[in-house]
Amino acid sequence: MTTSTPAGTGLGHPELPALLARMSGDEKHSPAATSTLDVLWVLYDRVLDVDPAHADDPDRDRFLLSKGHGPMAYYAVLAANGFLDPAELDGWSSFDSRLGQHPDRLLVPGVEIGSGSLGHGLPLALGTALGLRARGRTRPRVVVLVGDAELGEGSNHEAIAVAGRFGTGQLTAVVVDNASDSHGWPGGIAERFSREGWAAHSVDGRDHEALHRALTDTRPDQPLAVIARVEPKEFA
Amino acid sequence: MTAPTEPRTRPMREEFTDLVGAALDVDPRLAVVLAEISADRFTAAASRHPDRVINVGIREQALIGVAGGLALTGMRPVVHSIAPFLVERPFEQLKLDLNHQGVGAVLVSTGASYDYPAAGRTHMAPGDVALLDTLPDWTVHVPGHPREFAELLSAALLTDDLVYLRMSERTNAAPLPVGRRFRVVREGRGGVVLAVGPMLRPVLAATAELDVAVLYASTVRPFDAAGLRSAALAATPDVVLVEPYLRDTSTAAANAALADLPHRVLGLGVRRDAELRAYGTADEHEAAHGLDPAGLARSIRGFLATSGR
């Protein structure tokens, strides 16, 4: 497990529970609230080329959080990476806070899309990858995080098919699979993506080394899907 | 040797393809996003600009989502399909992938209201402008002539705004200068009739014998409240709105423009009280909605005759 403290904030992976507690007031967090935490940590710590000092650099990598509900882990990682002052986490979801229960790109530094309604992030990510390519910017990656139940939205399947057929190598979809879809996908989620022409890996979503290996296994002419399996969602 | 004639007026859809195809050659920010419709008309442009002519297939949610993503990288997406598939099917994508992300696009629809009558209800979207009215910041152009369309489209390509351009096969005999202001086409004192886009032709025919002012709008959002107000003050504040889409789409805007004046507003347009289950021709649909010259004359005369003043 990495213990680096990016952006000189002095805040690393061990500090994430305390950052989360500033929002929830709770030192213990359910798997549902933190299903994305390790993926987000590995992405921001070791994969994405993003930097609060150059948040608008056109050659930055793009991270799009499509699974916009439960963004506490996202805000905690943004704070650890210097995009947010940790003090701002305290007032989250209050009227004049920039940090809502769904993130808004026009309010929060480092947030690339406003999300919350499911099924919008992957098509936006595909368009972003196509736009970067059209502008001759072939270096930046576009990584979008979706939930397994969110994959039920037809808009995702539209984008999965198009990205596969276009061979959009700059695009990566991370599916955090907490087995919350009522109907599931025959053969598994990775199979669904690879049938459409994506490179796909299914890994333990808590294993930082496995996540890192999968997230960096990109291909020039194939989009990449990483299915990060975590504990099943707790249903009330 | 034949005498020189007026150059043939080309349909809006041909203006669209040619103009955008040429603009792709000079503006590296421009991208066209299609969902099969009209893809055949962009074959040459696509071979010159494979990265900037993007056909997503029959996938209208991806159509708008991809456009939003392109705009997030600073591109200027031009998005095109038949009105119901461009505005109604991916409506949440318009709301969230464009408006909510704070980015723009140029939406160009074909098949306005009853342009494709033989195709029936599935290919009609007379509610498109009313639906976009539920979102902020949209500029809505309803050109009444291909030359107006070309001018409005050229200007829209150069901005980052949210622009809806409603192409129609129904057109007026001649173009008028375009602009944000309603244009006074005819002076008169007995009332004001606002004709939107291709409704000018039947409105002029219907009001030929009436002492009313006729205004023309090729841009309907933002709504030129000042223009309507000064026309109403110069004539009589009895206002008739004639729109080629859903009746009363602009009635609230007209009432707001005249809020401090005793006034009356009659909204005319495509009926909203019943789904017209009929095929046939566009002329037959225009008549069925009371938008042909005879129907308009009846409605306008009746409205002005019942003035309480």
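Just so we're on the same page: letters track the sequence lines, and every chain starts at 1.
- Contact annotation for B/E92: both backbone and side-chain heavy atoms come within less than 4.5 Å of a heavy atom of chain A.
- The parts of A/L130 that come within reach of chain B are both its backbone and its side chain, each placing non-hydrogen atoms under 4.5 angstrom from that chain.
- Heavy-atom distances place no part of A/E153 under 4.5 Å from chain B, backbone and side chain included.
- Here the shortest heavy-atom pairing between A/E158 and B/A62 reads OE1-N, 2.6 Å.
- Enclosure of atom CZ in B/R181 is not indicated, since only 12 or fewer non-hydrogen atoms of other residues, nucleotides or ligands lie within 6.0 angstrom.
- Under the 4.5 Å side-chain criterion, counting only non-hydrogen atoms from C-beta, A/P123 is not in contact with B/Q93.
- You'll find the side chain of A/H120 stays beyond 4.5 Å of the side chain of B/Q61, heavy atoms only.
- Looking at B/I54, only its side chain comes within 4.5 Å of chain A, counting heavy atoms on both sides.
- Taking CZ of A/R135 as the reference point, atom CG of B/D51 lies at 12.5 Å (rounded to 0.5 Å).
- Both the backbone and the side chain of A/R133 come within less than 4.5 Å of a heavy atom of chain B.
- Contact detail for B/M75 and A/G131: the closest heavy-atom pair is CG-CA, 4.1 Å.
- In terms of non-hydrogen atom pairs under 4.5 Å with chain B, the most contact-rich of A/S117, A/A159, A/G116 is A/S117.
- Two residues are said to be in side-chain contact when any heavy atoms from C-beta on lie closer than 4.5 Å; B/L72 and A/R62 fail this criterion.
- In terms of heavy-atom proximity, A/L124 sits nearest to B/Q101 at CD1-NE2, 3.9 Å.
- Chain B forms the most heavy-atom pairs under 4.5 Å with one residue out of A/V142, A/N156, A/V162, and that residue is A/V162.
- Counting heavy-atom pairs closer than 4.5 Å to chain B, the top-ranked of the candidates A/L126, A/I113, A/L122 is A/I113.
- Within a 6.0 Å radius of CZ in A/R139, more than 12 heavy atoms belonging to other residues, nucleotides or ligands are found.
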